[in-house]
Engineer: 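This is the structure, below, for whatever I ask next.
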Amino acid sequence: MRHRTIRSIIATLIAAATITAILIVTLLIFNWFTADHPKLSYRSLDYEVAVQPNGDLKVTQHIDMKLDSRGKNRPWKQLY
């Protein structure tokens with residue numbers, strides 16, 4: 001009787017762990033395919049600022065951004 005109880009507890013724990021693992025993997029796969037990924041993201045944004053002898057500022061901006069692929073022959077339009 002005692003061995004049967006231990007076996008049923010072990011079988012229940014294994015079944016629960018298997019079901020939990022399947023649910024976690026299913027949720028991760030679902031999240032991977034349905035998650036919103038940004039269409040535009042900045043890799044870096046650098047500014048160079050220099051004060052001119054007459055007091056003016058000269059600002060140079062370097063932007064490195066990444067755009068997601070839109071497929072073949074589909075250009076980006078009005079993306080801010």
Side-chain angles (χ1 to χ4, degrees):
M1 176 93 161
R2 183 175 164 101
H3 293 298
R4 191 179 310 163
T5 305
I6 293 173
R7 283 186 197 162
S8 66
I9 290 173
I10 291 173
T12 304
L13 290 174
I14 290 172
T18 304
I19 291 171
T20 303
I22 290 171
L23 286 174
I24 289 172
V25 168
T26 303
L27 288 174
L28 287 174
I29 290 172
F30 179 75
N31 187 35
W32 176 263
F33 288 110
T34 60
D36 256 349
H37 299 289
K39 302 296 180 194
L40 178 137
S41 60
Y42 288 98
R43 292 183 184 149
S44 67
L45 177 62
D46 300 319
Y47 293 99
E48 292 177 14
V49 180
V51 179
Q52 302 297 318
N54 64 358
D56 289 344
L57 288 177
K58 179 181 177 185
V59 179
T60 306
Q61 182 180 22
H62 300 278
I63 301 174
D64 184 15
M65 60 178 61
K66 177 185 174 205
L67 290 171
D68 273 355
S69 175
R70 292 215 29 181
K72 206 172 196 178
N73 298 325
R74 290 184 61 201
W76 285 101
K77 296 179 181 176
Q78 299 179 354
L79 185 64
Y80 303 102

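The basis for the numbers below is simple: all heavy atoms, side chains too, and nothing from hydrogens, waters or symmetry mates. All residue numbers refer to positions in the sequence shown, counting from 1. On a predicted model such as this, the values are computed, not experimentally measured, just so you know.
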Engineer: How does the hydrophobic cluster around Phe30 look, that is, which other residues are in it when side-chain heavy atoms under 4.5 Å mark a link?
Structural biologist: none
Engineer: What's the spacing between Ile63 CD1 and Ser44 OG if we round to 0.5 Å?
Structural biologist: 9.0 Å
Engineer: Which atom pairs, donor and acceptor, lie under 3.5 Å between side-chain atoms of residues 12-27 and protein residues at least two apart or in another chain?
Structural biologist:
unit_1	atom_1	unit_2	atom_2	d
Thr12	OG1	Ser8	O	2.7
Thr18	OG1	Ile14	O	2.8
Thr20	OG1	Ala16	O	2.7
Thr26	OG1	Ile22	O	2.7

Engineer: Let me have the donor-acceptor pairs involving side chains of residues 46-55, under 3.5 Å, with sequence neighbours excluded, atom names and distances please.
Structural biologist:
unit_1	atom_1	unit_2	atom_2	d
Tyr47	OH	Gln61	NE2	3.2
Glu48	OE2	His62	NE2	3.3
Asn54	OD1	Asp56	N	3.1
Asn54	ND2	Asp56	OD2	3.2

